[in-house]
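These values consider heavy atoms only, across backbone and side chains, with no hydrogens, waters or symmetry-generated copies.
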Amino acid sequence: MSDVSMNDGPMSDVPMSERKLVGRAVRRREDPRLLAGRGRFVDDIALPGMLHAQFVRSTVAHAELASVDVSAVLEVPGVVAAFTAEDLELGDIVAQLGRPLSEFVPTAMPVLARDKVRYVGEPIAIVVARDAYAAEDGLEAAKISYVTLPPVMSEEAAFAADAPLVHAEAAHNTLVDVSLFATDGIDGIFTSAPCVVEVDTRTGRQNALPLETRGAVAHWDDREEQLVLHTCTQIPHQVRTVASRCLRLDERAVRVVVPDMGGGFGQKCVVGREEIAAAAAALRLRRPVKWIEDRKDALTASFLAREQHYRARAAFDADGRILALDTDVVCDMGAYSCYPFTAGIEPLMASAEMPGVYKVPAYRVRGRAVTTNKAPTGPYRGVSRPQYVMVMERLLERAARELALDPVEIRRRNVITDFPYTGVNNITYDPGSYLESLNLCELLVREEGWYEKQTAAAAEGRHLGIGYACFSERTGYGSAAFAQRKMKVVPGFDISEVRMDTSGTVSFTTGTMNHGQSHETTMAQIVADELALDIAKVRLHQGDTDRITYGFGTFASRSITIGGSAVRLAAAKLGDKLRAIAAARWDITPDDVELTSGAARRRNASDVLTYEQIADIAYLQAHLLPKDIEPGLSVTATFDVFNDGTFSNATHGCVVELHADTGQVEILRYVCVEDCGVAINPQVVEGQCRGGIAQGIAGALFEQVTYDAQGEPSATGFMDYKVPTAHEIPDVLIHHLETPCAFTETGAKGAGEGGTIGAPAAVLNAVNDALRPTGVELDHTPITPETVHRALNGAPSLELSS
């Protein structure tokens, strides 16, 4: 089967090595293995003598631990060992920002709870048994005595004057309190502005819900004197660092290996406690230990996200142009800071980037992270951008209503059109197609006749609404961008090694980590193009800390922008070496050598050296090499971005119908016009868009983790945690624009999170458009059928605002 889709047209007779693969829908190279069931995930790993682990977890949200007794656990048939924090004596996981205590309070997250528990599901002890069933049985024999404390279950409770403290060191239960921007004279702008609008938005707490739950298999390798930890993580090198420090081992003595991974979406780009505890048990017992998270624990005790509250107001002139923006952001981060990003990840992201695609001349923002007795919060696809985009879009919609302007027209008057543009937030935006995407999205919706259908539906008493969201996605974050957050662990650069063997095949590495984004395909396209090599002769290696020099993993759409740039640079260096060796053999300059069809050719001559022949010289006949060329065909390159990064952009359009009898929100049409620069593989980009939009719709209409007053999570399975199915996700029309990026080696900008960022705002605006005749506006998500039903039928609800 060809690696290139059948739509290649007139190029079908061109040899693969002569085709430009970047920009083409090359078939995913991962699929034959995965679809045939030959993938290898953590739970597929079986080692001789392997034991199985599960965790005794807290059943209360907030309490002091009076006693932890696991002695009876050892009497359960099949149980081999049970360890508490006192038994393992592990170091804590501590995420740090380089900010004063007035802005950031660091808190320690013990691998196993010691003196106190801070949320239902917090791990207290690990039980290790001969099989997973015996481990589960052993959990019930553990005896935990609590001295219960009042739980803190909301932002309001956290800030209350008499609130109990989740962490004694965090006054007012505040982990982050930062005011990044405050334009002089902003209060006067609001006082004199012709139009001032306000919104008060809340978004529900969500679970990233990867298909594969978290898991780990750890064992001690006597020959290498090394702890080997197989785990599904987006950040293997950071897991290695934390494991070595918690276990008090040299970092060389820890190897982290990531097999195939069934999704992550950010939940797996933080270091969890359980994989460290499983590694500690394996180290203590000198036997392999496997831990696989069950779905109940994944829903209740894994890293959650999204619970945010914004109070925002914007001033407009009489023509609908933004004059000023003033925002207060509060993010409920749960019980602990996540490593390495800290509790600052969401409020700092929102504060720094909230103006987005709009020209905002004056800006003031305060961002806070509160700690509560809920499972800790980590990144989730989009990280605050779905929330602050929703706020900006609601402000524009409300201003359009107040000023009697068309909702699309008010966006036209405010989007950035002159590039590069340095915003009031001190971020410089590279060229994008903000206005073009907005105009095209509206045109596509109009051409399909949805405005006429809306008018006809209203005459029939039906409720159709059309909504838009215009936004950017900052990608290509380099070290400089992360350093602005004052992170102690500063991600940014990536390293790639590209190596050719004597058969002329190429293997290459990246410090990013694939969990469904088609790295095996897209990055191979980059290498194959650079070396004029058949893609079948190119192979990616990632996810092994002994094989990969270093990497910060995959998050923030950095894989192609940062990792792909390092890969291209390394491939180019290898190409230079191939040309140099060939040139030396022909006694010409490397500029007179070109690479084509898997060989070096002398320009304007018939001389040819295949890659196999060059590799033989480099490895097997090194005496033929000039003194200035080292033996071998292995090169390394690094890449970083030293400016503000790059910005993908998109406009989403959504058409909904509200059903008065049930309150159901039915999405009739969804349109996405996106610009991620050069699309390495358009089919992969479309997959990213569709998947992201599905997750955005889920947050807008369905998913929410709630707790009762005592801190018990409401959803322990899919009967209670509502997830959309294929029936609820509409067909999506995707149209690509292309504004190549000047800061990355491939011209790509990144496409991982855009779908999720735009969908909640587009859906919410469409719902409000449908509700316009009722005089009711909604600003909270998820939008429940009960809320819609009450709005359409004139019933009061606490969730409604007029």
Look at E520 together with R29 and state whether they make a salt bridge at an N to O cut-off of under 4.0 Å.
-> no

Taking the side chain from R385 and the backbone from R474, do they hold a donor-acceptor pair closer than 3.5 Å?
-> yes

NZ/NE/NH1/NH2 to OD/OE distance under 4.0 Å, K573 and D576 | no

What is the minimum heavy-atom distance between T646 and C741, and which atoms define it?
-> OG1-SG, 3.3 Å

Going by the side chain to side chain contact (heavy atoms under 4.5 Å, CB included) test, name the single residue among V527, I560, T746 that passes it with V567.
-> V527

Apply the test side chain to side chain contact (heavy atoms under 4.5 Å, CB included) to residues S437 and D675: give CA-CA distance (whole Å), side-chain angles for both, the deciding distance (0.1 Å), then the verdict.
-> CA-CA 8 Å; S437 69; D675 185 344; over 6 Å; no

Testing T327, D184, D326, T183 for side-chain hydrogen bond (donor to acceptor under 3.5 Å, both in side chains) with R364, which one passes?
-> D326

If you measure from SG on C470 to CG on N439, what distance do you get to the nearest 0.5 Å?
-> 9.5 Å

Between D494 (side chain) and I562 (backbone), is there a donor-acceptor pair under 3.5 Å?
-> no

Heavy-atom side-chain contact between H736 and I734 under 4.5 Å = yes

Separation of L97 CG from I345 CD1 (nearest 0.5 Å) | 10.5 Å

Given F552 and F493, is the ring-ring contact (aromatic ring centres under 6.0 Å, His included) satisfied, shown in steps?
-> CA-CA 8 Å; F552 285 103; F493 69 87; 5.2 Å; yes

Candidate pair Y434 and F419, rule ring-ring contact (aromatic ring centres under 6.0 Å, His included), full reasoning | CA-CA 11 Å; Y434 300 174; F419 299 97; 5.1 Å; yes

Start with the C-alpha gap between T522 and N681, add the side-chain angles, then the distance that decides, and say whether side-chain hydrogen bond (donor to acceptor under 3.5 Å, both in side chains) holds.
-> CA-CA 6 Å; T522 54; N681 187 317; over 6 Å; no

Residues D529, R568: salt bridge by 4.0 Å N-O rule | no

Determine whether the side chains of T554 and Q517 contain a donor N or O and an acceptor N or O closer than 3.5 Å.
-> no

Stepwise side chain to side chain contact (heavy atoms under 4.5 Å, CB included) test for D177 and R366 | CA-CA 7 Å; D177 190 345; R366 182 185 186 187; 2.7 Å; yes

Pair T422-T428, side-chain hydrogen bond (donor to acceptor under 3.5 Å, both in side chains): steps then yes or no = CA-CA 4 Å; T422 300; T428 298; 2.9 Å; yes

Can you tell me how far the CZ atom of R240 sits from the CZ atom of R245, to the nearest 0.5 Å?
-> 10.5 Å

Determine whether M513 and T233 make a side-chain contact, defined as any pair of heavy atoms from C-beta on separated by less than 4.5 Å.
-> no

Go through H519 and T510 one step at a time and tell me if the side-chain hydrogen bond (donor to acceptor under 3.5 Å, both in side chains) criterion holds.
-> CA-CA 9 Å; H519 291 181; T510 173; over 6 Å; no

Could you go step by step and tell me if K359 and Y421 meet the side chain to side chain contact (heavy atoms under 4.5 Å, CB included) rule?
-> CA-CA 9 Å; K359 293 174 283 189; Y421 176 86; 3.6 Å; yes

Hey, what do you get for SG (C331) to CZ (R306), rounding to the nearest 0.5 Å?
-> 11.0 Å

Side chain to side chain contact (heavy atoms under 4.5 Å, CB included) evaluation trace for M523 with I680 | CA-CA 8 Å; M523 291 197 179; I680 305 299; over 6 Å; no

Determine, stepwise, if the pair T744 / T561 fulfils side-chain hydrogen bond (donor to acceptor under 3.5 Å, both in side chains).
-> CA-CA 6 Å; T744 63; T561 53; over 6 Å; no

Polar side-chain atom of T107 near backbone of Y336 as donor-acceptor pair, under 3.5 Å | no

Mind listing the closest non-hydrogen atom pair of S351 and V365 along with its distance?
-> OG-CG2, 3.7 Å

Taking atom CZ of R499 as the centre, does the number of heavy atoms from other residues, nucleotides or ligands within less than 6.0 Å exceed 12?
-> no

Take atom CZ of R547 as the centre, draw a 6.0 Å sphere, and report whether it contains more than 12 heavy atoms from other residues, nucleotides or ligands.
-> no

Plane angle bin for Y550 and H237 - parallel if under 30°, tilted between 30 and 60°, otherwise perpendicular = tilted

Rounded to the nearest 0.5 Å, how far does CD1 of I235 lie from CZ of F341?
-> 6.0 Å

Nearest heavy-atom approach of A566 to T638 is CB-C, 4.4 Å

For atom CZ of R539, is the number of surrounding heavy atoms from other residues, nucleotides or ligands below 6.0 Å larger than 12?
-> no

Taking Y429 as the fixed residue, which of F743, F647, Y358 is the one that meets the ring pair (Phe, Tyr, Trp, His ring centres under 6.0 Å) rule?
-> F647

If you look at every heavy atom in P106 and L101, which pair is closest and at what distance?
-> CD-CD2, 3.8 Å

E251, CD: over 12 other non-hydrogen atoms inside 6.0 angstrom = yes

Between the main-chain N or O of P340 and the side-chain N or O of K488, is there a donor-acceptor pair closer than 3.5 Å?
-> no

Closest non-hydrogen contact found for T377 with G334 is OG1-N, 4.2 Å

Closest non-hydrogen atom pair, I416 against G356 = CD1-O, 3.8 Å

CG of L569 to CZ of F639, rounded to nearest 0.5 Å, is 7.0 Å

